[in-house]
There are 2 protein chains.
Amino acid sequence: MSDRSQKRRDLTVAEIKAAARSLLVASGPAGISLRAVARDMGITAPALYRYYPALDSLILDLATDLHVELRLACEAVRDELPADDHVGRLIAMVREFRRWVLTHLSEAALMFGPPLPGVDEFHQQCEDLTHAGNQFGMIFIEPMLALHAQGRLPVRDALASQFDIPAEVYTYFLARWAQFYGLIMAEAFGHLSWAVDDATELFEAELKAVTESLLR
Amino acid sequence: MSDRSQKRRDLTVAEIKAAARSLLVASGPAGISLRAVARDMGITAPALYRYYPALDSLILDLATDLHVELRLACEAVRDELPADDHVGRLIAMVREFRRWVLTHLSEAALMFGPPLPGVDEFHQQCEDLTHAGNQFGMIFIEPMLALHAQGRLPVRDALASQFDIPAEVYTYFLARWAQFYGLIMAEAFGHLSWAVDDATELFEAELKAVTESLLR
DNA sequence: TCCTGACGTTAACGGTGTTCACTAATCTAA
DNA sequence: TTAGATTAGTGAACACCGTTAACGTCAGGA
């Protein structure tokens with residue numbers, strides 16, 4: 001395959017993903033259909049099989065892109081703060097995480113909702129996505145590592161770490177991750193609306209409590 | 001309509017929901033289809049419109065039933081403990097919440113995942129479900145009210161309460177709700193598997209930390 | 001007894017993912 | 001330059017899906 005046709009191919013793939021993205025935004029994860037993508041591109045549906053073996057693959061690819069996009073958004077706000085303000089950078093990234101999710105509800109549903117067809121199938125397919133998810137998680141672990149080095153991380157019982165990360169940091173990260181993942185997704189999926197109109201206060205209170213629990 | 005035919009009608013509705021439930025378990029939320037339900041019942045799909053105006057209504061009804069089932073499961077383990085052991089009852093219910101979700105992944109995806117078609121549509125439809133969700137939340141609020149009466153609830157800044165509940169209890173409940181909703185759903189949806197093989201340790205550590213933070 | 005209403009049917013419309021056979025164009029190599 | 005191989009795309013078809021409409025059929029109540 002020549003470079004020229006490879007470029008052209010990459011361009012088509014990008015166009016497919018763009019069309020799928022706009023369908024996702026307009027109609028939610030279930031609104032993504034090969035026929036609609038093809039229609040928007042002025043093409044027939046079977047042609048898309050030259051680029052993706054199935055609809056699932058396209059959705060998976062899209063999810064990977066979205067993870068990268070979210071990570072870049074968080075890194076952007078992080079980099080506006082001094083490199084040694086680890087707490088401030090963490091807070092900014094968590095706030096941006098929430099802001100991005102709340103302004104990209106459809107995308108968040110795809111990324112953080114339950115796996116679509118069968119639970120097992122998704123796990124087998126998403127090794128690439130795991131990598132993108134890994135990178136996203138890592139931007140939160142980094143400041144925690146720095147805080148740990150300064151002895152400022154309040155650690156409880158440490159779990160066995162699966163990565164090349166001190167067990168205390170790993171444990172602390174998992175607890176915070178689950179806490180804010182849950183808070184943000186509950187709000188985004190509407191599972192908090194029965195209890196509270198605007199979850200901002202709750203979110204900020206949690207953030208404040210975590211911040212204050214950091215030793216200085 | 002006579003009582004006899006009403007009974008017959010209720011029986012058919014129950015059969016429809018049972019078929020839908022088994023499809024949900026077998027193939028996930030997306031596996032629920034009117035045609036498959038009808039096929040399993042030895043009937044044609046349009047006949048189902050005598051009982052539900054659309055597929056969404058059936059799914060909504062199913063979700064309501066599931067909320068009730070989950071609440072009853074939690075209440076069952078709660079009632080095995082002394083009525084004055086509020087902390088113990090809370091722990092037992094949270095553990096049962098997690099156990100039920102992990103053993104009913106498809107049901108949990110339907111109940112706690114992102115709303116299926118459009119976010120707004122779901123909110124308008126789910127007033128009954130809100131009620132069932134309300135009842136579910138209430139079983140956790142009750143022990144907290146009891147603990148609060150004993151002055152054992154560690155309260156921070158209190159949010160404005162939307163219910164006939166002391167603001168401190170309301171605030172504490174929301175924080176714990178989001179924390180464990182998030183932890184359990186992250187695990188159930190596989191969004192923790194990149195970081196940890198078995199989240200039991202993490203879950204129990206969080207539970208222990210919360211328990212120990214309760215004043216006595 | 002009639003007849004009304006509930007229950008179920010078949011047929012159809014438009015939508016979906018996916019496969020297959022085929023054409024047209026483009027790129028590669030002798 | 002020309003012949004062959006690869007690629008992109010098409011159209012028809014299959015098997016699903018939700019939903020609507022028109023049509024039977026049968027039990028219950030006046």
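Each chain gets a letter, A, B and so on, in the order its sequence line appears, and its residues count up from 1.
Between the side chains of A:Arg98 and A:Thr200, at least one donor-acceptor pair of N or O atoms lies under 3.5 Å.
Of the residues in residues 41-50 of chain B, B:Ile43, B:Thr44, B:Pro46, B:Ala47, B:Arg50 come within less than 4.0 Å of DNA chain C through at least one heavy atom, sorted by number.
Rounded to an integer number of Å, the gap from CD1 of B:Ile16 to C1' of C:dG8 is 12 Å. Across the protein-nucleic acid pair, A:Asp40 atom CG and C:dG15 atom C1' stand 15 Å apart, rounded to whole Å. We find that CD of B:Gln6 is positioned 13 Å from P of D:dG29, with the value rounded to whole Å. Atom P of nucleotide D:dA8 and atom OH of A:Tyr52 are separated by 13 Å, given to the nearest angstrom. Straight-line distance from the CZ atom of B:Arg39 to the C1' atom of D:dA15: 10 Å, rounded to whole Å. One atom, CG of A:Leu23, and another, C1' of C:dT16, lie 13 Å apart when rounded to the nearest Å. Rounded to whole Å, atom C1' of C:dG8 lies 14 Å from atom CD of B:Glu15. Atom-to-atom, CG of B:Leu34 to C1' of C:dG8 comes out at 15 Å; the value is rounded to the nearest Å.
Taking only side-chain atoms of A:Arg8, from C-beta outward, the nucleotide of D:dG9, D:dC17, C:dG8 with the closest atom is D:dG9. The side chain of B:Leu55 sits closest to D:dG18 out of D:dG9, C:dT18, D:dG18.
A distance-only check finds no donor-acceptor pair linking the side chain of A:Arg89 to the backbone of A:Asp79 [under 3.5 Å].
The residue among A:Pro53 and A:Ala36 whose nearest nucleotide of DNA chain C lies closer to the 5′ end is A:Ala36.
For an aromatic pair to be called close, the ring centres must be under 6.0 Å apart, and A:Phe97 with A:Phe112 satisfies this. Residues B:Trp177 and B:Phe136 place their aromatic rings such that the two centres sit under 6.0 Å apart.
With hydrogens and angles left out, the side chain of B:Arg35 and the base of D:dG18 share a donor-acceptor pair within 3.5 Å.
Here the shortest heavy-atom pairing between B:Asp40 and B:Ser22 reads OD2-OG, 4.5 Å.
A salt bridge links B:Glu69 with B:Arg21; the closest basic N to acidic carboxylate O contact falls under 4.0 Å.
B:Ile91 is not listed as a side-chain neighbour of B:Val210, based on a closest heavy-atom distance of 4.5 Å or more.
Listed pair A:Arg9 / D:dT7 fails the phosphate criterion, with no side-chain N or O lying under 4.0 Å from OP1 or OP2.
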